[in-house]
There are 2 protein chains.
Amino acid sequence: MTMHKPAATRNPPDGGHSSNGRILVAAEELFSAHGFAAVSINDIALRAGVSKANVFHHFATKNALYLAVLRRAQRDAAAHLHSLEQDTGPLPARLASFSGKHLLRLLEQKQLSRLILRELLAIGPDRARELAENVFGENFRHFVLILRAGQQSGELRSDLDPAVMATTLLGANVFFFEAQTLLRQFWDVDFADSPERFTTTLIEIVLHGICPIPRNVQEKFRPAVGSTDSSTPGVPARRGQKRRQRPH
Amino acid sequence: MTMHKPAATRNPPDGGHSSNGRILVAAEELFSAHGFAAVSINDIALRAGVSKANVFHHFATKNALYLAVLRRAQRDAAAHLHSLEQDTGPLPARLASFSGKHLLRLLEQKQLSRLILRELLAIGPDRARELAENVFGENFRHFVLILRAGQQSGELRSDLDPAVMATTLLGANVFFFEAQTLLRQFWDVDFADSPERFTTTLIEIVLHGICPIPRNVQEKFRPAVGSTDSSTPGVPARRGQKRRQRPH
DNA sequence: ATTAAGACTGACCGACCGGTCAGCAGGGGA
DNA sequence: TCCCCTGCTGACCGGTCGGTCAGTCTTAAT
């Protein structure tokens, strides 16, 4: 009945140099790299340069700390994706821009991305709703809305579910991110280290498909998508030393 | 110097009802659902109906058990994906068939898929090579080969990297799988429980793009893709939610 | 100077971890 | 019959886990 647990879930004031912030940062790094269960409070305390007891001073339980990290990640992601909105220019160019930035963001924030993808593999329907509403929901819906508008203005085919369009585009990006290490192993693949090249081709595929486009319509109906780069991606000649040697 | 550790890594004889097999099955289930670190040997022993010491009788360490599970999963996956090849019919139809089967396989073997995806999030370049060669390598390369052949025969555009085509298709499927629970939360999405519907639209997107196709070429250049099947297995209504606790 | 309230710590707790070990049951060869 | 081998178990080990607690240090208002 002492009730001297002052902290529980303090509001996280800063992001870096208070103890609270350092704990959050350390926890994010470790959870992202190794997963929830594989990281001990001691690890986090050590990396944050505080005592283990201090971690429990700021966060009631390990789980609460994990949730705090997740929430911060969600907030960051949502905030950043907000800035991706761009309402000028033709829709294909906007899609290309969005997709490119989305992939870049995934790669820049490896930790965060991995954290969320890990979470995706473990959640049940209950937490799915929270994630859906707090992180992806708004952006996904916004994306779908843009696509739907494009359908009504005639810029996009209206016989396709826009949500599938969105899933395809985002899914390809996410997969590129999580399989990047793996893609590097294939000699067929020379874009593993060049997200720009991947994005360019991906957008071209999603916009116009992989089936041949007859000559007479080719130019009329294929809006350029920025990237005045004259060289087509083509079947890329083997890039400079990509040769990965087998150890034996 | 007693050397009485008889088992170490016994060859796994069967898949189901010997102790060895039951341990492997239990381990696969638990590792898939919760990850390596979150599962204790005791959990596995309990689920397999054997003593904890018996687990160590068959597998030298927890890590060895995990590797055995992974190896079995890889073997299964590789074996099954072999059966996806289908060399008759026009290329678009074959792609549709392949993609559909691939997605179905992902969903049927949730455990396996999750296990491998989890692994994908944690590996360094060293283990990436193993995964790449044992599980995905052959199939991915084969897939790319088919696409490249399609390019040379004129069935596919030759100005696009076939590896990106493959990545796009497979990536969309994988993302559909891992985000399924999340997709169910969006009202925009009505295909979350109907992989067939998703596959159909996905293939249409990848083949012909999301940009409008002018009338005069619409029929001439858009090969049908079979799948006159109109009945989907239906949206199985809301699943009875099984309460799963956060890891602790 | 006194007080009160965080921020913070070292020592500690019971539970459980991965892993070991001596030994039991039983079946087949001699 | 004896013996040995294999599959298997309960008891146990040192260590680490998440979490608690009594108490110190710092700061600022009284």
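Atom pair B:R22:CZ and D:dG7:P shows a separation of 14 Å (rounding to whole Å applied). What separates NE2 of B:H58 from P of C:dG19 is a distance of 16 Å, to the nearest Å. The nearest whole Å value for the distance from the CD1 atom in B:I41 to the P atom in D:dC12 is 21 Å. In this structure, A:F59 atom CZ and D:dG18 atom P are separated by 15 Å, rounded to whole Å. A:L65 places its CG atom 15 Å from the C1' atom of D:dC17, with the value rounded to the nearest Å. Distance CG (A:N54) to C1' (D:dT26): 14 Å, rounded to an integer number of Å. At whole-Å resolution of the value, CZ in A:F36 and P in D:dG18 are 8 Å apart. Atom CG of A:N20 and atom P of C:dA7 are 9 Å apart (whole Å).
Side chain B:K52 to base D:dG10: no donor-acceptor pair is found below 3.5 Å.
When distances run from any side-chain atom of A:H57 to the nucleotides C:dC8, D:dT20, D:dC8, the shortest one goes to C:dC8. The listed nucleotides are D:dG19, C:dG18, C:dT9; the one nearest the side chain of B:K62 is C:dG18. Among C:dC21, D:dC17, C:dG10, the nucleotide with an atom closest to any side-chain atom of B:A53 is C:dC21. Of the listed nucleotides (C:dG19, D:dT20, C:dT9), D:dT20 has the atom at the smallest distance from the side chain of A:F56.
As judged by a 4.0 angstrom heavy-atom cut-off over every strand, A:V55 is placed among residues making no nucleic acid contact. Residue B:S40 is in sugar-phosphate contact alone, with no base atom involved, counting any heavy-atom pair closer than 4.0 Å across all strands shown.
Remark: the backbone N or O of A:P195 is paired with a side-chain donor or acceptor of A:T199 at under 3.5 angstrom. Side chain of B:N20 to main chain of B:H58: no donor-acceptor pair is present (N/O by atom type, distance under 3.5 Å, no hydrogens or angles). Listed for the B:K62 side chain is a donor-acceptor partner under 3.5 Å among the backbone atoms of B:V39. Side-chain atoms of A:R114 never come within 3.5 Å of backbone atoms of A:A33 as a donor-acceptor pair (strictly under, hydrogens ignored).
Across every non-hydrogen atom of B:I205 and A:V206, the tightest pair is CG2-O, 4.2 Å.
Taking side-chain N and O atoms only, B:S19 has a distance below 4.0 Å to OP1 or OP2 of D:dC8.
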